[in-house]
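Throughout, a chain's letter reflects where its sequence line sits, starting with A, and its residues are numbered from 1.
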There are 2 protein chains.
Amino acid sequence: MAFAGIVTYSFRMPASRPNDDERALRPQSDSPPALCTACEARHRGVCGALDGEQLAELARASHLQVIEEGAELIGDAERVESYSNVLSGVVKLTKTLPDGRQQIVGLQFAPDFLGRPFREESTIGASAATTVSLCSFPKSTVERMMREQPQLENRLLRQALDELDDAREWMVTLGRKTAAEKIASFLLMIARNIAPRAAGAGETASFDLPLTRSDIADFLGLTIETVSRQLTKLRIDGIIRIENNRRITIENVVRLAGRAGD
Amino acid sequence: MAFAGIVTYSFRMPASRPNDDERALRPQSDSPPALCTACEARHRGVCGALDGEQLAELARASHLQVIEEGAELIGDAERVESYSNVLSGVVKLTKTLPDGRQQIVGLQFAPDFLGRPFREESTIGASAATTVSLCSFPKSTVERMMREQPQLENRLLRQALDELDDAREWMVTLGRKTAAEKIASFLLMIARNIAPRAAGAGETASFDLPLTRSDIADFLGLTIETVSRQLTKLRIDGIIRIENNRRITIENVVRLAGRAGD
DNA sequence: CGTAGAGTTGATAAGGGTCAATGGTGGTGG
DNA sequence: CCACCACCATTGACCCTTATCAACTCTACG
């Protein structure tokens, strides 16, 4: 059941036909494919390393997938035959102990690259925290391009180092922060990824949590009860508003940051 | 006092003079510099990506440092002007919260590469857990070579991905394991890095802990008292022998692994 | 031989886990 | 349109693991 809930489209399916206007705007053969021009990965993601021709080649080999909430993308220790870019939604990376204890070890947002080069099988599981759309490529195509275009490897190195910084930041949270500090740090991290404008300067920020209470607990090394209690505490203290289970408003970003422990 | 306790040598200092026999063995101008031939980093580390000429050039710009136990290599948020290879000893990577709580977020052994490309200042602190020897290069030389030799970037990407796997492995340990499991996991990890032979197949393994109880606590998100109590418990159960504060013998690797939670 | 620093051990307390009951909310079918 | 159910989240009572505080031991070193 690994791919339950995954719908796959081809980039050349009828729904994505370019119309005459679009064609007229990019007549050259090495201009970016129509579907790449609006893609975040083309600018901030790994595809930014490719020239027009390479991008066209990759687009020809790629396909769009829409994965519904909860579906598994990659099982632990499963052989992986493709890489992907996250186009929208949130992917959670998980590790599970033999007795079932689970830890979320990372979250991926658009336009992150999803996959583990240089390893036959993945060491972690990946699943859709929300509905996710992915642009997936065959492993072999990406690996050939890495050899032809060093810029691509450079982009992957930059993302790997950023993820490493994130992982180490969370090690501090997991190892040394209290439950209250963990929740505050988590809300701030989500806000910065989902509503960067508001979280940066503004005093308030509203967003839908991409995770259930159970996921948040698995991310912070807590139980769902503790997560719930700490959210309630922040609500009573007037720092957040809980519109419904998923939707949160941070009433005062500065005060919340003051409770994150750093 | 950032560099207290650091002794610096040049690679061309008298103590490292090549004798006639060594010269005779490698007459070509692009053969590896004498001091690189015996270096682990030349084979398993990043230097393996360089050809003879590049290696010679890098060696000319590099210098050997011996850092005594406890000395700080890089302060948090400090500007870094050089990269290094770890030649021997153990470097601990730390993060500290404003109120002083500390978390060790990684350990580096020979022949790991030390440094954070693409960032002006480091986001973590680094200090010598044991006496450490480093081979250091100017930032600019390494960065130019990264552009000239894509293989170098490939090596860095591989190391970054390995470190990311390690960091995520420890996130599980920090977030979901009990104190007893944390200590068992830690001892196994150290044994695998310091005494790989014995830890792999053998039933017993002896080694010197590269960390104090306080460091172990900071690595595992515990207090020194809990670390001490759990070590005592393993000793009483006949799984380890504590020769002295630093030296440990794992009497039964299999039984210890059974207590690591995975 | 005395002191300092690291480690151990013990008593107590608190933070967060566990177990159990209750409270929303969204989806389905009558 | 409403009632019911399933699932998620909240709240409460209690307990356990680990932190905290304190005393003591051991070893290295002058």
Side-chain angles (χ1 to χ4, degrees), chain A residues 5 68-70 92 97 99-103 129-131 173-187 208-237 240-248 259 261, chain B residues 5 68-70 92 97 99-103 129-131 173-187 208-237 240-248 259 261:
Chain A
E68 71 188 23
E69 188 175 326
K92 58 183 182 185
L97 295 176
D99 65 2
R101 282 175 287 176
Q102 202 170 55
Q103 176 69 45
T130 64
T131 299
T173 302
L174 289 170
R176 288 300 183 204
K177 290 190 184 174
T178 64
E181 291 169 336
K182 286 177 178 183
I183 293 290
S185 303
F186 170 76
L187 291 175
D208 280 320
L209 287 174
L211 303 183
T212 63
R213 299 291 186 272
S214 172
D215 285 336
I216 298 172
D218 284 347
F219 193 47
L220 298 175
L222 300 170
T223 59
I224 58 172
E225 292 94 332
T226 300
V227 170
S228 181
R229 279 187 252 269
Q230 295 299 336
L231 286 173
T232 301
K233 192 155 182 299
L234 288 174
R235 177 174 55 73
I236 289 172
D237 293 352
I240 64 171
R241 202 144 24 94
I242 301 178
E243 319 282 1
N244 61 50
N245 281 348
R246 284 299 181 110
R247 189 154 197 88
I248 298 278
R259 298 201 175 196
Chain B
E68 70 189 22
E69 188 176 325
K92 57 182 183 188
L97 294 176
D99 65 2
R101 280 175 290 176
Q102 203 172 51
Q103 175 70 44
T130 65
T131 299
T173 301
L174 289 170
R176 288 301 184 204
K177 290 188 183 175
T178 64
E181 291 170 334
K182 286 178 177 181
I183 294 288
S185 302
F186 170 75
L187 291 175
D208 280 320
L209 287 174
L211 302 183
T212 63
R213 299 290 185 275
S214 171
D215 284 338
I216 298 172
D218 284 347
F219 193 48
L220 297 175
L222 300 170
T223 59
I224 58 172
E225 293 93 331
T226 300
V227 170
S228 180
R229 280 187 249 270
Q230 294 300 335
L231 286 172
T232 301
K233 192 153 182 300
L234 288 174
R235 177 173 57 72
I236 291 172
D237 292 353
I240 64 172
R241 203 147 21 96
I242 302 179
E243 319 282 1
N244 61 48
N245 282 348
R246 282 301 181 109
R247 190 155 196 84
I248 299 277
R259 298 201 175 196

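In this model, no side-chain donor or acceptor of A/Arg229 finds a partner on the base of C/dG15 within 3.5 Å.
Rounding to whole angstrom units, CD of residue B/Gln230 and P of C/dT9 are separated by 12 Å. One can place CD1 of B/Ile242 at 14 Å from P of D/dC26, the figure rounded to the nearest angstrom. Following rounding to the nearest Å, A/Lys233 (NZ) and D/dT11 (C1') show an atom-to-atom distance of 16 Å. If you measure from atom CD1 of A/Ile216 to atom P of D/dT10, you get 9 Å, rounded to the nearest angstrom. Between the P atom of C/dG15 and the CG atom of A/Leu174 lies a distance of 19 Å, rounded to the nearest Å. For B/Glu243 and D/dC26, the CD to P distance is 18 Å, given to the nearest whole Å. Rounded to whole angstrom, the span from the CG atom of A/Asn244 across to the C1' atom of D/dC8 amounts to 12 Å. In this structure, A/Ile224 atom CD1 and D/dT10 atom P are separated by 9 Å, rounded to whole Å.
Residue A/Leu231 is out of contact with every strand shown, counting any heavy-atom pair closer than 4.0 Å.
Within the 3.5 Å criterion, the main-chain N or O of A/Asp218 finds a donor-acceptor partner in the side chain of A/Gln103. Using modelled atom types, no side-chain atom of A/Ser228 and backbone atom of A/Ile224 make a donor-acceptor pair closer than 3.5 Å.
Residue B/Thr223 places at least one side-chain N or O under 4.0 Å from the OP1 or OP2 atom of D/dA19. Between D/dC8 and A/Thr212, no contact under 4.0 Å exists linking OP1 or OP2 to a side-chain N or O. The phosphate of D/dT11 has OP1 or OP2 within less than 4.0 Å of a side-chain N or O from A/Arg235. For A/Arg213 and D/dT10, the shortest distance from a side-chain N or O to OP1 or OP2 is below 4.0 Å.
Residues A/Phe186 and A/Leu211 are in side-chain contact: their nearest non-hydrogen atoms beyond the backbone lie under 4.5 Å apart. Under the 4.5 Å side-chain criterion, counting only non-hydrogen atoms from C-beta, B/Lys177 is not in contact with B/Leu220. Put simply, the side chain of B/Arg229 does not reach to within 4.5 Å of the side chain of B/Thr232, judged on heavy atoms.
Over its length, the helix from C/dC1-D/dG30 to C/dG30-D/dC1 turns its helix axis by 30°, as judged from the five terminal pairs at each end, rounded to 10°.
Nearer to the 5' terminus of DNA chain D, by closest-nucleotide assignment, is the contact made by A/Thr232 (compared with the other of A/Thr232 and B/Glu225). Where A/Thr226 and B/Val227 meet DNA chain C, the nucleotide closest to each residue was compared, and B/Val227 sits on the side nearer the 5' end.
Checked against B/Leu209 for a side-chain contact (heavy atoms from CB on, under 4.5 Å), the options B/Asp215, B/Leu187, B/Ile242 give a single hit: B/Leu187. Each of B/Glu181, B/Lys233, B/Gln230 was checked for a side-chain contact (heavy atoms from CB on, under 4.5 Å) with B/Arg259, and the lone residue meeting it is B/Lys233.
Comparing D/dA9, C/dT9, D/dT18 by their closest approach to the side chain of B/Ser228 singles out C/dT9.
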